[in-house]
A.B. asks: 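I'd like to ask some things about the structure below.
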Amino acid sequence: LAALGPHVASIVDHHADEGLYHETVPPESRHVELGIGSCASLVAERLRALGSPLLADPSVCTLLLGAVLLDTVNLDASAKAQKAREQSIANELLLPCAAAMLGVPPDEAGRGAFFGELLRVKADVSLLLGFPTADLLRQDYKEEALMGGGLKLGVGSVVLPLPALLARQP
């Protein structure tokens with residue numbers, strides 16, 4: 001996606017700022033915060049700060065809520081570094097908007113039911129088999145430039161047993 005670099009206008013992330021896109025992203029458009037459990041929480045906060053009507057869209061709220069819940073293990077404080085405000089973001093900002101679309105009550109039980117469904121779907125290996133192998137490897141691909149920048153190391157993780165992956169495409 002490097003060709004899209006000139007079009008990057010804002011950065012929202014919960015990882016260390018790599019210092020990229022200084023030509024197109026001014027400091028006031030960099031919203032980087034370490035230690036929060038989910039980048040989706042930061043996105044929801046930015047949308048709220050901007051007064052965006054997207055936070056009234058049940059589809060958008062459902063997508064953001066799903067990411068927050070998966071990234072924070074349903075807001076379990078012991079599972080991952082997170083800020084207390086993620087409880088508020090999920091329970092007060094996103095869940096009330098998403099609940100009707102999800103068919104769950106806008107409370108902790110409804111949030112738990114949605115999280116349980118996300119875990120069931122995430123663990124359903126049969127769904128992954130519908131994707132081409134190259135897409136599976138790209139899904140959770142991470143790449144880093146090693147010392148000197150001349151060598152790159154990439155790792156893709158797939159939650160399929162290796163024999164099943166190899167049987168698809170040796």
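Computation of the quantities below employed the complete heavy-atom set of this structure, encompassing side-chain atoms and omitting hydrogens, waters and symmetry-equivalent molecules.
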A.B. asks: Is there a path of hydrophobic side-chain contacts, each under 4.5 Å between heavy atoms of I, L, V, M, F, W or Y residues, that connects V43 with L63?
C.D. replies: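 They do not share one cluster, since no chain of ILVMFWY contacts under 4.5 Å joins V43 to L63.
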A.B. asks: So, S41 and E86: side-chain donor and acceptor under 3.5 Å apart, yes or no?
C.D. replies: yes
A.B. asks: Is any side-chain heavy atom of C61 less than 4.5 Å from a side-chain heavy atom of P58?
C.D. replies: no
A.B. asks: Side chain to side chain contact (heavy atoms under 4.5 Å, CB included) for D140 and V155? Distances and angles first, verdict last.
C.D. replies: CA-CA 8 Å; D140 196 15; V155 177; over 6 Å; no
A.B. asks: Say you draw a straight line from CG of D76 to CG of L69; how long is it, rounded to the nearest 0.5 Å?
C.D. replies: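 The CG atom of L69 is 11.5 Å from CG of D76, to the nearest 0.5 Å.
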A.B. asks: Look at the side-chain heavy atoms of Ile, Leu, Val, Met, Phe, Trp and Tyr, link any pair under 4.5 Å apart, and say whether L151 and L153 land in one connected group.
C.D. replies: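 Cluster IDs for L151 and L153 match.
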A.B. asks: Roughly how far, to the nearest 0.5 Å, is the CG atom of L65 from the CD1 atom of I89?
C.D. replies: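 I89 atom CD1 to L65 atom CG measures 11.0 Å (nearest 0.5 Å).
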A.B. asks: Which pair of heavy atoms, one from A90 and one from P96, lies closest together, and at what distance?
C.D. replies: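 Here A90 and P96 meet closest at O-CD, 4.4 Å.
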A.B. asks: Between S38 (side chain only) and D71 (backbone N and O only), is there a donor and an acceptor less than 3.5 Å apart?
C.D. replies: no
A.B. asks: For side chain to side chain contact (heavy atoms under 4.5 Å, CB included), just list the numbers for R111 and N74, CA-CA rounded to whole Å, side-chain angles, deciding distance to a tenth of an Å, and then say yes or no.
C.D. replies: CA-CA 8 Å; R111 191 188 79 215; N74 197 19; 2.8 Å; yes
A.B. asks: If you round to the nearest 0.5 Å, how far is CZ of F114 from CG of L95?
C.D. replies: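 With rounding to 0.5 Å, CG (L95) is 9.0 Å from CZ (F114).
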A.B. asks: Is there side-chain contact between D17 and R30, with at least one heavy-atom pair below 4.5 Å?
C.D. replies: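 SC-SC contact between D17 and R30 confirmed.
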A.B. asks: Do you know which two heavy atoms are closest between A40 and A67, and how far apart they sit?
C.D. replies: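 Residues A40 and A67, closest heavy atoms: CB-CB, 3.6 Å.
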A.B. asks: Rounded to the nearest 0.5 Å, what separation is found between the NE2 atom of H7 and the OH atom of Y21?
C.D. replies: 11.5 Å
A.B. asks: What's the shortest heavy-atom distance between I11 and L20, and which atoms?
C.D. replies: CD1-O, 4.0 Å
A.B. asks: Do you know which two heavy atoms are closest between P105 and A99, and how far apart they sit?
C.D. replies: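 So the two residues come closest at C-CB, 4.1 Å.
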A.B. asks: List the steps, then state whether side chain to side chain contact (heavy atoms under 4.5 Å, CB included) holds for C39 with V12.
C.D. replies: CA-CA 7 Å; C39 188; V12 179; 4.2 Å; yes
A.B. asks: Might you confirm whether atom CD of E144 has over 12 heavy atoms from other residues, nucleotides or ligands at distances under 6.0 Å?
C.D. replies: no
A.B. asks: Report yes if some heavy atom in the side chain of L93 is under 4.5 Å from a heavy atom in the side chain of L64; otherwise report no.
C.D. replies: no
A.B. asks: Any idea which heavy atoms bring A113 and V104 closest together, and the distance?
C.D. replies: CB-CG1, 4.2 Å
A.B. asks: Could you give the distance from CG (L94) to OG1 (T62), rounded to the nearest 0.5 Å?
C.D. replies: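 Nearest 0.5 Å value for the CG-OG1 distance: 9.0 Å.
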A.B. asks: Salt bridge check: are E33 and R85 linked by an N-O gap of less than 4.0 Å?
C.D. replies: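 Looking at E33 and R85, the cut-off is met.
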A.B. asks: Quick check: do V68 and L75 have side-chain heavy atoms less than 4.5 Å from each other?
C.D. replies: yes
A.B. asks: Does one side chain, of Y141 or E143, offer a donor that lies under 3.5 Å from an acceptor on the other?
C.D. replies: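 Yes - a donor-acceptor pair under 3.5 Å links their side chains.
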A.B. asks: Tell me, which pairs form a side-chain hydrogen bond (donor to acceptor under 3.5 Å, both in side chains) where one or both residues lie in residues 116-132, sequence neighbours left out?
C.D. replies: E117-R120, D124-S126
A.B. asks: CG/D57 to CG/L47 distance, rounded to the nearest 0.5 angstrom?
C.D. replies: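 So the CG of D57 and the CG of L47 are separated by 10.5 Å.
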A.B. asks: Give me the one residue out of E45, R46, H14 that meets side chain to side chain donor-acceptor pair (under 3.5 Å) with H31.
C.D. replies: R46
A.B. asks: Tell me who clusters with L127, hydrophobic residues only, linked when side chains sit under 4.5 Å apart either directly or through other members.
C.D. replies: V121
A.B. asks: With side chains defined as the heavy atoms from C-beta onward, is the minimum distance between L166 and L162 less than 4.5 Å?
C.D. replies: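 Contact flag for L166/L162 side chains = yes.
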A.B. asks: Please determine whether side chain to side chain contact (heavy atoms under 4.5 Å, CB included) holds for the pair D13 and L42, giving the CA-CA distance in whole Å, both sets of side-chain angles, and the decisive distance to 0.1 Å.
C.D. replies: CA-CA 7 Å; D13 202 353; L42 297 176; 5.9 Å; no
